Amino acid sequence: MQLNFDKITQKWQNEWTKKGLGNAESIKGKKKFYLIFAYPGVSGFLHVGHMRGYTYADIITRFKRMQGYNVLFPAGFHASGLPAIAYSVKIKKKDPATINQLKEYGLNDKQIQELEDPKNTVEFFKRIYVEDFWKKFGFLIDYRRLISTIQPEYNKFMEWQFSKLKEANLLVQKPHFAPCCPNCGPVAIDTAETDIAQGGTAETINYTIIKFKLGKRILPAATLRPETVYGVINMWLNPETELVVVKYNNEEWILCKEAAEKLKFQKHNFEITSEKIPAKSLIGKKCINPVNNQEVLILPAGFVECGIGTGVVMSVPSHAPYDWIALNDLQQNPQKIEEYKISKDKLLKLKPVSLIKTPDFGEHPAIELCKSLGLKSQNETEKLEEATQIVYRKEFHSGKLNSLYGKNEGVKVSDAKDILIKEFEQKNVAEEMYGFSEKVVCRCGTEVIVKLIPNQWFIKYSDNELTSKSKEQAKKMSIWPDQYKKELPGILDWFNDRACVRQGSWLGTKFPFDRQWVIEPISDSTLYPLIYILSKYITEGKINSENLCNEFFDYIFLSEGTLDAVAKKTGLDKKLIRQVKNDFEYWYPLDLNLGGKEHKTVHFPVFLMNHVAVLKTKDLPKGIFVNWWVVGENGKISKSKGGAVSLHNLAKVFSVDALRLYYCHIGSAHIDIQFDEKIAQKYKSILQKDYLLIEKVVKSKKSVKRKIIDDWLVETLNQKMQKAINSIDGLNLKKFSQEIYYSIPEDLNWYLKRDGLNKKLLLSFLEQWTKLMMPITPHLAEEIWHTLLKKKTLVSTEQWKKINKKTKQEVIQTEILIKTILSDLENIKQLAKINKPKKITFFVAPAWKNEAIKTVVAACKDQPDFKKAMAGWMKNPKLKKHADKSPKMVKKIISDFWKMKQFKPIAEFEILNKEKKFFEKLYNTQIEVTTASKTKKELQTKASSAMPMKPAIYIE
RNA sequence: GCACGGGUAGGGAAGCGGUCAAACCCGCAGGACUCAAGAUCCUGUCGCUUAGUGCGUUCAGCGGUUCGAAUCCGCUCCCGUGCACCA
C-alpha cells in the first residue's frame, strides 16, 4: 500500500495546530530550553536552503521536548533595511520574473499591485512564511509570539537598546566614507544588487593622492602604491582629456573633471572653477615631486582613464608594468611626441629607478615581468592587469625598501605603506581618496560615488573591554561546529566599529538621538531573543507600543527601578508586569541561536557583543549552531532568483518528512549540500519501507518467544537507541538519522530473519523507535503511533524514558558469530559454485585458542610486542604443547591487537548446536557442529584454520 | 587584502590518533522474484589471489612527530568560502 504522505502531513499538522503544541508558557520549576533561529529578511519566497536551518531548529526543539524540557521556540521577521523596499520597486517596475512568481502563486493583478507598498510586501510575506513554509513543514513554533522589526513595539525596544549602548559609551561619532547616490542618498553595494543597477561586485578602493607641484598649482596623482613615489620619473596624462581647476582650501588643483566631481563629495571646501585646461597643453612641462623635490616630465599616455583616480598618474616604470610599457613605447617611437616639442634626448634619458628589493625579482620587476610575458602594447590591458597584480603582491609580501628611502631602508613594503602615508600626510603632500574598482550605478541611473559622512554614528565594537568580555563568554558557550568555536574569538578581535545608522528612506527604527537617522538592519537584530518574551502579550493586545518605555525594559531585563514606578509610567497592570518579568527570568538565558554560515562574521559576533554590552552575565546566550547551505549548481540559491514557489511542489512530491530526513542525513549540518531530487525521492521510499516493516510486524498474528534472539533484540536496540540519543544530544543529526532510519530497521529485519517474533517485545520496541522518529519525521511518526500502534496520545508530546540497562556482551557476540558464519557460507557457496549443499559442517576452534588470545594480549600489556607475546605463550602450560603453532598465531593476534584486546570468548559449540535448526531451515540441509580437534584426518587442515568467533566450515 | 575551510572509492559523504579498505546514500554489475518493466530483496564494486582467505597499494604531494597517522605538525600544489550600512 502506498502511504499518502500528503494526507497524513495535513492531518497531523491540523492536530498540532488545534492543540497549540508550539505554545510555550513558563512553568515554575520545570527545566526549560529556549531556541531561536536567525529570522529571515522579508523579501521573497523562502527556498530549500532556508528550510534546512529552520528544520534543524524544529528537530532540536522536538527532541528537547521529548526529553522533558519546556521549550520556547518563537520566530519573527526581519523587515528593516532594503529588501522589502527593493521588492516593491521590482513590482513597480513590473519585473517579469517577480510578477510571474506571484502569479504562479495565485495572486491577481490587483493583489500584486498592492505590493508596491513595502509595508504590504512585509505583511504579505509574513503570512506566507508562517502558513506556507513553517506550518507546512510541521514546525512547532509558538505562533503567538510572531513579531517583525518594523512594528512600533519593536521600535521602542530598539530605542531602549541604543540608550543602553549610549550609556555604556559604545555609541561614537566620527567621519565615515560610504557609497552614495548623489540623487537618492546612501546605497548598498552587494553582489545580489538589491539596491543598485550595476556594479555589485565593486570593491571600495582607497587611493592616496600625491600632490605634485606644477608652478603654484598642484597636479594630484592618485595611486595605490604611494610607497613608490620615490621612483617617479615622469607623469602621465591622457592628451585627449580636458582638465579642470579646483579651489581646495588654499590650493589649486588640476585634475580630470570626473574625478573632481567625485572628490567634491569627499572633501570640504572643494570648489570646481570654470577654468579648463586641455591636458595636451601640460604635456612636455615639468612638475616637482613633493617628496624628493625632483623635476618630473609630463608625458602622454593612452591608458590613463578619467574615471579612475584623478586622471593624473605618476609613473614608476621599475615597479609598474603599465608605466614601463608606456614609456618604452614612447622611447621607441619618439616621433609620437614631436608635436609636444619635447627633446628626444630628454625622453631617452629617462631611466627606471629601482626602489624595492624582492627575492623573486631583480632590480626592475615590472620590466622583467613584461619581458617574460611578452608584453609590448598598452592595449593588452588584461595581461597588464595581471602583471600589475603579480608585481604588487610579490612586492607587498616579500619586498623591502632600498637605500633611496634613507631612514626607512629595509622596511617591509607591507609595513612601509602605512608609515609613509602618515609621513606624507603630515608634510601635507598626500591625501586620501576613495573610489570603486568598477563603475557602480544606482537604480535611478546615476553613478554611485563615495561620500564623506562627517558625523556618522558607530557602535564601538572595537572597545577592548567589550571584546574581551565577549571572548570570555564565547569560551563558555556551546558552539557548533567546533571549528567555529575556534574561529569566533579571532572574529571578535577583528570586528571593528560599525556604522549603525543611515540616512535615507529605509525601513527600520529611527535613531533615538537624532531622528534623521534610521538604525541599520544588522544593528537592529542583535538582541531580539528578548522581544519574544513579551511579543506574546503584544499579540494578545495586553501590551502595546504606548506602554513601552526604557524604564519598562530596564525593569524587566535588568531588574532596575521599582514595580510601582514602572506601573505608573507604563500604565500597565502590576500583575502583568510581574508576569513578564517572571517569564524573562524563567526563559533566560537563551540556549541556542541557530543560523546559516553567512552569519559567522556578521550576525553572530554582533549578537554576542550586544548581549554582553547590555545584559547581565547570567543572562548571556549559551549556544550557537551554524548550518551551511543548500547550493544549486551555480552556487548559492537566492530568494530573488526564484525557484522558491517550487518548494511547495518539492514538499508535495517528496513529502515534508522525506525532506526533513534529507536535510539530516545527506551530510553533516556543517557542509554545503547540492539539492538532488533523485536522492530526495529515495528518502521517501526509505520512510515508506520503514512504515511497511512496522505494519508487517504489527499485523502478524503469531507471537513466539525465543530467548536467545529476544535477548539480542533488547540488547542491540537499547545500544542503538542510546547511540542515537547521544548523537542528537551532541546535535549530530546525521548520525542520529542514520541510527534511526537505517541501522535500527536493519536490526529489526535481522531479528525477523532469525525467527524472532515476540509480539509483546516487538510492540514495546516499536513504541520506542517511533518516538525516536518523531523529531525528524513527525508526521510519519504520528501516523505510525496512531494507526499502527493504536495509541490515543500524540507522539509529539511523548516523553523519552531513559534506558538503564547494562548490556550483556555475550548476547551481542552470539549474533555476530551467526552473521559471520552466514556471510562465510554465502562466500563459499559462490566461490565453490555450490547451489544446494548436501551437508554443512562447522568446526569450532579448540579451547586453547581462546587461551592463546588471552595470554598474548595479557603478555603484551598495552602495546603489541611480538617478543613479549612469545614469552607469555611459552610460560603458559596449557599452550606449551601447541608451541609449533605459536609463531604464526602470535603474529596474527599481534596484527589484530586492538581488536583482540576487546575479545571475550563465548560458548561457541553450545550456541551453534542450539542454532543448528536455524541454519538447517535456511539451507534446507543437514548441519553438523564439531570441534576442530575431533575430526577426520582428511579434514584436519581445514578444521585447523578455525579461530574463535570464526569456525571453519566445510560444505559437501 | 584580511580571515577561514577542504582535497577519502565512479559521484556524494562519514571518519578527525589504534577496532579503517573505509559507515551511509547514489551510481554501476550480477542474481532472486516477475510474462515484462518498475518496485523490492540478496551479492559484488582499489589490485592480485582464494572454498569463507591471504597479500599488496591506498585517504592531493613531500617531509616530520609517534610503538602506531586519512586523523597531529611543517612546506608545496589544487579547490572553495566569508568579510561590516546586503541580510
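What you are looking at is a predicted structure, and each value in this text was computed from that prediction instead of being measured. Every chain is numbered from 1 and lettered A, B, ... according to where its sequence line falls, protein lines coming before strand lines.
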Can you figure out which of [options] approaches the side chain of [X] most closely?
| X | options | result |
| --- | --- | --- |
| A:Q483 | B:A14, B:C4, B:G27 | B:C4 |
| A:T601 | B:G52, B:A14, B:C83 | B:C83 |
| A:S945 | B:A13, B:G52, B:C24 | B:G52 |
| A:K950 | B:C4, B:U53, B:A14 | B:U53 |
| A:R502 | B:A87, B:C2, B:U81 | B:A87 |
| A:E487 | B:A87, B:G52, B:C4 | B:C4 |
| A:I679 | B:C25, B:A51, B:G52 | B:C25 |
| A:V602 | B:A87, B:G27, B:G52 | B:A87 |
| A:W494 | B:C2, B:A13, B:U53 | B:C2 |
| A:S685 | B:C83, B:U40, B:A87 | B:U40 |

Same-atom distance ([atom1]) from [N] to [M], integer angstrom:
| N | M | atom1 | result |
| --- | --- | --- | --- |
| B:C46 | B:U58 | C1' | 8 Å |
| B:G38 | B:G56 | P | 42 Å |
| B:G6 | B:U71 | C1' | 14 Å |
| B:A39 | B:U34 | C1' | 11 Å |
| B:C41 | B:U49 | P | 33 Å |
| B:C59 | B:A70 | P | 7 Å |
| B:G15 | B:C72 | C1' | 16 Å |
| B:U81 | B:C42 | C1' | 43 Å |

Classify the nucleic acid contact of [X] as base, sugar-phosphate or nothing, counting any heavy atom under 4.0 Å across all strands shown.
| X | answer |
| --- | --- |
| A:H665 | sugar-phosphate |
| A:V606 | nothing |
| A:A952 | base |
| A:P521 | sugar-phosphate |
| A:N496 | base |
| A:P951 | base |
| A:I821 | nothing |
| A:S668 | sugar-phosphate |
| A:G81 | sugar-phosphate |
| A:Y461 | nothing |

Taking only nitrogen or oxygen atoms into account, show me every contact under 3.5 Å that the protein makes with nucleotides 41-47 of chain B, one pair per line with its distance.
residue : atom : partner : partner atom : Å
B:C41   : OP1  : A:K689  : NZ           : 3.1

Answer with yes or no whether the side chains of [Y] and [X] bring together a donor and an acceptor at under 3.5 Å.
| X | Y | result |
| --- | --- | --- |
| A:T509 | A:D524 | no |
| A:Y39 | A:S148 | no |
| A:Q719 | A:T716 | no |
| A:K720 | A:S743 | yes |
| A:S88 | A:T121 | yes |
| A:N627 | A:Y54 | no |
| A:D747 | A:W750 | no |

What's the [atom1]-[atom2] distance between [X] and [N], to the nearest Å?
| X | N | atom1 | atom2 | value |
| --- | --- | --- | --- | --- |
| A:I491 | B:C83 | CD1 | P | 11 Å |
| A:Y484 | B:G82 | OH | C1' | 11 Å |
| A:I955 | B:U53 | CD1 | P | 13 Å |
| A:N206 | B:G1 | CG | P | 16 Å |
| A:I812 | B:U19 | CD1 | C1' | 16 Å |
| A:I85 | B:A87 | CD1 | P | 10 Å |
| A:K723 | B:A14 | NZ | P | 17 Å |
| A:K597 | B:A3 | NZ | C1' | 14 Å |

Worked verdict on A:W480 versus A:I624 for side chain to side chain contact (heavy atoms under 4.5 Å, CB included): CA-CA 6 Å; A:W480 288 266; A:I624 291 176; over 6 Å; no
Whether A:F125 and A:Y129 hold their rings parallel, tilted or perpendicular, with breakpoints at 30° and 60°: tilted
Aromatic ring pairing A:F842/A:F919, orientation class (parallel under 30°, perpendicular over 60°, tilted between):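 A:F842 vs A:F919 ring planes: perpendicular.
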A:H665 ring center within less than 6.0 Å of A:Y683 ring center: yes
Close aromatic pair by centroid cut-off 6.0 Å: A:Y154 and A:Y528: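 No.
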A:N749 side-chain N/O to A:P745 backbone N/O, donor-acceptor pair under 3.5 Å: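 Here the side-chain-to-backbone pair exists.
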B:C25 OP1/OP2 closer than 4.0 Å to side-chain N/O of A:K678: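 For B:C25, neither OP1 nor OP2 has a side-chain N or O of A:K678 closer than 4.0 Å.
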A:Q738 side-chain N/O to B:C24 phosphate OP1/OP2 under 4.0 Å: no
Closest-nucleotide 5' rank along RNA chain B - winner of A:Y742 and A:N732: A:N732
Earlier contact from the 5' end, RNA chain B, for A:K600 and A:S80: A:K600
Secondary-structure stems for RNA chain B, with pairs counted as Watson-Crick or G-U when both distances are under 3.5 Å and runs at least 3 long: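 Stem list for RNA chain B: B:1-7 with B:77-83, B:10-12 with B:24-26, B:27-32 with B:40-45, B:46-48 with B:54-56, B:60-64 with B:72-76.
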